[in-house]
Engineer: 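Below you will find the structure I want to go over with you.
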Amino acid sequence: SNLIIALNGFAMMWILSQMGSTGVAAGALVYNTFAVMASLLFAFSVPVSIFSARAYGGNQLQEMPRILQAGSLVVIAIGILVAIGVSHLMPMYRFFHQPHEASAIAAAFFKGYAFALIPFGLRLVLSQIINGTSKPKIATLFSLLTLVLTVPICYWFAMGGLGLHAMGA
């Protein structure tokens, strides 16, 4: 699973490198900002694995829907808060003295990506439930499927899909 995450980061940096050195600088900002956001969502989804493992091990499978619902509600709430925070990235990047051009590209990326934070969080919850039921291969395959779908979609949007402006243009 960590290898898949690393491959995803590599693919995203490759996409942004198509825009030159400013794109690479923006990619570094995107990667680090995403790491903070993902860490927040991940931190709140980890207990799902613990509760689902306890329910699965104790043969209390009737608890699984409640665990899924509670975990989903928590990551939706955190996802909304993080998505709201994404709209304030430019002041934060200025505060940390980041290059303006790269900051503008990264901030534009996250304005679009903010809509993906909730599905990302829900995928984390589902992966945690799968891990909690001792089925890590299924969780890994699920992450691989996410990678295979995410990279082409991100490339398409970064290069101006659906009539949107290409990032950095």
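In this text the structure is predicted, and so the values were computed from the model without any measurement. Only this structure's heavy atoms are used, side chains among them; waters, hydrogens and symmetry mates stay out.
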Engineer: Rounded to the nearest 0.5 Å, what separation is found between the CE atom of M37 and the CG atom of L81?
Structural biologist: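 M37 atom CE to L81 atom CG measures 12.5 Å (nearest 0.5 Å).
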Engineer: Hey, are the side chains of I76 and L122 touching, using non-hydrogen atoms and a 4.5 Å cut-off?
Structural biologist: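 I76 reaches L122 side chain to side chain.
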Engineer: Which pair of non-hydrogen atoms, one from V125 and one from V48, has the smallest distance, and what is that distance?
Structural biologist: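 Answer, listing the atom of V125 first, then V48: O-CG1, 3.8 Å.
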Engineer: Is any side-chain heavy atom of M92 closer than 4.5 Å to one of F95?
Structural biologist: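 Side-chain contact under 4.5 Å: no.
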Engineer: Which atoms form the tightest heavy-atom contact between A25 and A102, and what is the distance?
Structural biologist: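 In terms of heavy atoms, the two residues are closest at CB-CB, 3.7 Å.
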Engineer: What distance do I129 atom CD1 and L68 atom CG have between them, rounded to the nearest 0.5 Å?
Structural biologist: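 Reported to 0.5 Å precision, the distance equals 4.0 Å.
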Engineer: If you round to the nearest 0.5 Å, how far is CD1 of I118 from CD1 of I80?
Structural biologist: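 Rounded to the nearest 0.5 Å, the CD1-CD1 separation comes to 4.5 Å.
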Engineer: Taking all atoms of both residues into account, what is the closest heavy-atom pair of I67 and A55, and its distance?
Structural biologist: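 Nearest heavy atoms, I67 then A55: CD1-CB, 3.9 Å.
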Engineer: So, using side chain to side chain donor-acceptor pair (under 3.5 Å) as the criterion, who are the partners of S103 when residues are at least two apart?
Structural biologist: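 For S103 there are no side chain to side chain donor-acceptor pair (under 3.5 Å) partners, ignoring immediate neighbours.
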Engineer: Kindly work out whether a path of hydrophobic side-chain contacts (I/L/V/M/F/W/Y, heavy atoms less than 4.5 Å apart) joins V36 to I78.
Structural biologist: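 The answer is no; the residues belong to distinct hydrophobic clusters.
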Engineer: Taking F44 as the starting point, is it possible to reach V46 by hopping between hydrophobic residues whose side chains are less than 4.5 Å apart?
Structural biologist: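 They do share one cluster, since a chain of ILVMFWY contacts under 4.5 Å joins V46 to F44.
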Engineer: Heavy atoms, side chains only, cut-off 4.5 Å: are L89 and T33 in contact?
Structural biologist: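 The answer is yes, as the side chains (C-beta and beyond) meet within the 4.5 Å cut-off.
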Engineer: Between atom CD1 of I130 and atom OH of Y56, what is the distance when rounded to the nearest 0.5 Å?
Structural biologist: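 Here the interatomic distance stands at 12.0 Å.
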Engineer: Using the benzene-type ring in the case of Trp, are the ring centres of F120 and F34 under 6.0 Å apart?
Structural biologist: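 Here the rings of F34 and F120 have centres that are less than 6.0 Å from each other.
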Engineer: Kindly compute the distance separating CZ (R123) from OG (S45), expressed to the nearest 0.5 Å.
Structural biologist: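 Answer for the CZ-OG pair, R123 versus S45, is 9.0 Å.
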Engineer: May I ask whether L126 and L73 are part of the same hydrophobic cluster, defined by side-chain heavy atoms of I, L, V, M, F, W, Y residues being less than 4.5 angstrom apart, directly or through others?
Structural biologist: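 L126 does not cluster with L73.
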Engineer: Grab the two heavy atoms, one from L29 and one from A106, that are nearest each other, plus how far apart they are.
Structural biologist: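 Looking at all heavy atoms of both residues, the shortest contact is CB-CB, 3.9 Å.
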Engineer: If I compare all heavy atoms of S52 with all of G132, which pair ends up nearest, and what's the gap?
Structural biologist: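 Residues S52 and G132, closest heavy atoms: OG-CA, 3.5 Å.
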Engineer: Hey, could you give me each pair passing side chain to side chain donor-acceptor pair (under 3.5 Å) that has a residue in residues 59-83? Not counting sequence neighbours.
Structural biologist: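 Every side chain to side chain donor-acceptor pair (under 3.5 Å) pair that includes a residue of residues 59-83, provided the two are not neighbours, is E63-R66.
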Engineer: Please check if atom OH in Y93 has more than 12 non-hydrogen atoms from other residues, nucleotides or ligands closer than 6.0 Å.
Structural biologist: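 Count over threshold, so yes.
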Engineer: I'd like to know whether L124 forms a side chain to side chain contact (heavy atoms under 4.5 Å, CB included) with V75, so could you lay out the CA-CA distance, the side-chain angles of the two residues, the decisive distance to 0.1 Å, and finally the verdict.
Structural biologist: CA-CA 9 Å; L124 282 173; V75 297; 5.7 Å; no
Engineer: Looking at side-chain heavy atoms only, is the closest gap between I50 and Q128 below 4.5 Å?
Structural biologist: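 No. Closest side-chain heavy atoms not under 4.5 Å.
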